[in-house]
Number of protein chains: 2
Amino acid sequence: MSDVARHAGVSRTTVSFVLNDRPGAAIPDETRRRILDAIDELGYRPNAGARALAANRSGWFGLITEIVTGPFAAEVITGAQSRAWTDRRFLLIAASEGDPAQEAAALDQMLEHRVEGLLYATTWHRAVTLPEAAREVPTVLVNCYDAEGELPCVLPDEVSGGYRAARRLLDAGHTRIGFINLDPVIPAAIGRREGYERALREAGITPDPSLVIPGYATADGAYTAACELLDRPGGDRPTALFCGNDRMAMGAYDAIKERGLRIPHDVAVVGFDNQELIAGYLRPKLTTLALPFEAMGTKGVDMLADLAAGQPLDTRRVTIDCPLIERSSV
Amino acid sequence: MSDVARHAGVSRTTVSFVLNDRPGAAIPDETRRRILDAIDELGYRPNAGARALAANRSGWFGLITEIVTGPFAAEVITGAQSRAWTDRRFLLIAASEGDPAQEAAALDQMLEHRVEGLLYATTWHRAVTLPEAAREVPTVLVNCYDAEGELPCVLPDEVSGGYRAARRLLDAGHTRIGFINLDPVIPAAIGRREGYERALREAGITPDPSLVIPGYATADGAYTAACELLDRPGGDRPTALFCGNDRMAMGAYDAIKERGLRIPHDVAVVGFDNQELIAGYLRPKLTTLALPFEAMGTKGVDMLADLAAGQPLDTRRVTIDCPLIERSSV
DNA sequence: GCGCTTTAATAACGCGCGTTAGTTGGTGGT
DNA sequence: ACCACCAACTAACGCGCGTTATTAAAGCGC
């Protein structure tokens with residue numbers, strides 16, 4: 001920077017003013033041009049670290065996830081990254097790998113780097129408890145919430161997701177809709193079932209509990225569940241299956257095809273999660289609901305930016321809709 | 001740091017010596033303990049940025065990928081991250097999203113943060129050309145290579161992957177092995193075919209070119225290709241299919257099942273890529289080869305660390321084996 | 001010509017740390 | 001009694017920048 005100043009025949013301060021577009025600083029165009037030319041000529045690049053030190057503003061946000069591997073975390077990162085970029089901020093990403101020690105270590109490193117805010121994301125919707133150190137800095141939870149309800153969080157709207165799935169099938173004329181759910185105790189399963197039942201009732205149908213079977217998140221579990229639903233005695237088998245995730249839809253597909261039934265003509269299927277690698281390549285392609293991970297990442301940074309700027313949040317618990325991704329299985 | 005020094009009754013220098021375990025500094029245990037106690041008591045955390053500035057060593061490596069979304073990039077990140085951690089380094093991750101402008105901007109930011117090395121990773125094995133600015137800092141290519149062959153790179157060993165796949169099927173007694181390949185012009189397709197043919201020849205079988213059909217990386221393309229192979233006139237249809245990726249294996253599965261054939265009894269299948277969401281949930285689970293993304297990320301940081309330390313590389317072009325992931329389709 | 005305001009610029013301090021060149025007090029040897 | 005030596009520390013500088021207080025020159029009305 002001193003070299004640039006010398007080269008342009010001005011002081012270092014003036015260079016700083018130009019670089020930062022300092023409001024109130026009167027820099028004639030001619031001087032500004034000379035400085036910018038010098039920067040170009042010398043290939044000068046400001047030192048972000050020194051800048052942060054002097055301005056007492058690191059420009060970092062931290063992002064802790066359980067697993068970097070896996071499409072969900074990646075989407076959160078994408079959303080958060082792009083949003084952070086517009087504020088000229090950078091994201092410090094670390095994976096806890098489910099190990100509390102590693103998580104604490106990552107957090108320590110982040111605090112040493114003076115992150116101005118922390119995003120804490122999980123791969124599945126649930127309650128979490130954060131390490132103590134997280135209280136030192138503004139924190140937003142993504143896809144999870146703290147049991148005490150003290151921290152702001154951004155969550156998928158499971159209820160409207162379940163509602164939307166059932167509604168899509170009702171609109172297609174189905175009245176007996178089997179629901180192969182996730183483990184019944186987790187928030188996703190509870191919320192989606194609530195939405196599913198509400199849609200049925202709105203259509204004048206009384207939910208039949210025997211049509212809701214847990215598939216425990218695996219293709220095998222869903223296969224078994226689908227067999228049970230499709231082989232119901234009395235010939236009142238469902239004409240549509242709503243599966244709690246796309247993996248389970250794979251199992252359901254197998255059960256349906258095995259019986260010589262066709263998708264969607266004989267049995268329609270709706271999944272959840274919109275995992276491209278499954279939904280996009282099943283045959284026929286799977287109509288499913290997307291978890292809005294990218295939007296959640298974006299919104300999380302949004303909230304963090306407000307928090308870091310000292311502004312209060314308008315909503316401390318934000319829910320984001322799960323959009324229906326229309327393909328060919330309904 | 002000054003507070004800690006005052007609290008412990010020593011100078012700031014002594015605190016620095018303790019924090020950095022400075023070799024040659026004689027610090028009595030008693031003094032050291034007092035300092036560590038003070039750090040604890042005051043909740044002192046070193047400022048990583050200031051440290052980098054003073055030591056002229058940022059501790060950052062940059063990692064640029066095309067897409068953060070997607071399992072491949074995530075694995076590279078995991079490998080690189082964990083390896084970097086052991087050197088007390090951090091990874092600055094950015095996605096180019098295939099946009100040269102965004103890529104250049106990301107690189108600029110990284111250089112402003114004074115990264116000491118750059119990892120450039122692609123999602124599929126191919127040639128790349130880097131922006132000019134990348135020459136300012138040691139660079140290692142991951143899963144790609146530069147056309148000029150100037151930069152060090154770490155690549156998957158496609159040839160041994162193809163060899164290993166064919167070999168596995170030969171060992172299982174198959175002699176007519178169909179190969180649904182990727183787009184024939186890309187390095188992965190070329191290398192794997194070479195390995196496939198070598199394995200056949202070693203087994204005394206002359207490769208039959210009509211058994212190799214491109215599936216163009218899609219399930220649909222592979223379905224068509226598989227139909228062609230399975231419906232060959234003359235009853236000499238292959239008893240095994242080697243697919244250039246797992247998505248194509250999905251298409252092949254459909255073609256096989258449609259004909260009432262069983263996997264692996266009537267037709268064995270080997271995939272490539274080891275995409276958990278596909279390979280692990282197909283029924284039966286898919287035996288496939290893994291692209292060693294995590295290992296490539298690790299090795300990339302390895303090489304970068306040497307480069308950044310000023311040491312020459314022993315090998316400028318490293319290839320890493322693709323391990324066979326045994327499941328139930330052979 | 002004088003005072004006053006605006007424009008254009010600068011010198012100097014501090015951000016939090018690593019590092020070098022010292023200083024101080026004590027011990028052993030002759 | 002003198003010097004050499006070592007253990008245990010410290011003062012002071014600089015890393016690259018943002019920022020504040022200050023100055024010199026130019027413009028303006030009378």
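Labels below follow one simple rule: chain letters A, B, ... track the order of the sequence lines, proteins then strands, and each chain is numbered from 1.
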Trainee: Need to verify one output field. Residue with the more 5' nearest nucleotide on DNA chain D, A:Ala48 or A:Arg22?
Mentor: A:Ala48

Trainee: Return the value, rounded to whole Å, for the distance between atom CZ of B:Arg32 and atom P of D:dC9.
Mentor: 11 Å

Trainee: By the side-chain hydrogen bond (donor to acceptor under 3.5 Å, both in side chains) test, which pairs, at least two apart or in different chains, include something from residues 49-64 of chain A?
Mentor: A:Asn20-A:Arg51, A:Ser58-A:Glu116

Trainee: Measure from CD1 on B:Ile39 to C1' on C:dC17 and round the result to the nearest Å.
Mentor: 13 Å

Trainee: Using whole Å, what does the distance between atom C1' of nucleotide D:dG16 and atom NE2 of B:His113 come to?
Mentor: 14 Å

Trainee: Could you state the CG-C1' distance from B:Leu19 to C:dT19, rounded to the nearest angstrom?
Mentor: 14 Å

Trainee: Between P on D:dA12 and CE on B:Met1, what's the gap in Å once rounded to a whole number?
Mentor: 17 Å

Trainee: Please report the closest heavy-atom contact between B:Thr139 and B:Ala134, naming both atoms and the distance.
Mentor: OG1-O, 3.2 Å

Trainee: Salt bridge between A:Glu150 and A:Arg135, side-chain N to carboxylate O under 4.0 Å?
Mentor: yes

Trainee: Whole-Å distance between D:dC17 C1' and A:Arg57 CZ?
Mentor: 15 Å

Trainee: Between A:Arg33 and A:Asp37, is the closest basic N to carboxylate O distance under 4.0 Å?
Mentor: yes

Trainee: Take B:Arg126 and B:Glu66 through the salt bridge (Lys or Arg N to Asp or Glu O under 4.0 Å) test and state the conclusion after the steps.
Mentor: CA-CA 13 Å; B:Arg126 63 172 210 271; B:Glu66 302 161 296; 2.7 Å; yes

Trainee: Search all heavy atoms of A:Pro156 against all heavy atoms of A:Cys322 and return the closest pair with its distance.
Mentor: CB-SG, 4.1 Å

Trainee: Quick one: are A:Ser96 and A:Thr65 in side-chain contact, heavy atoms under 4.5 Å?
Mentor: no

Trainee: Using whole Å, what does the distance between atom C1' of nucleotide D:dA8 and atom CD1 of B:Ile35 come to?
Mentor: 11 Å

Trainee: To the nearest Å, give me how far apart CG (B:Asn47) and P (D:dG16) are.
Mentor: 16 Å

Trainee: So which heavy atom on A:Asp87 is nearest to which on A:Ala305, and how close?
Mentor: OD2-CB, 3.8 Å

Trainee: Going by heavy atoms closer than 4.0 Å, what residues in residues 104-112 of chain A are next to DNA chain D?
Mentor: none

Trainee: Could you tell me which non-hydrogen atom of A:Ile35 sits nearest to which non-hydrogen atom of A:Val10, and how far apart they are?
Mentor: CD1-CG2, 3.9 Å

Trainee: Could you run down nucleotides 8-15 of chain C 5' to 3' and tag each one B, S or - for protein heavy-atom contact under 4.0 Å?
Mentor: SSBBB-BB

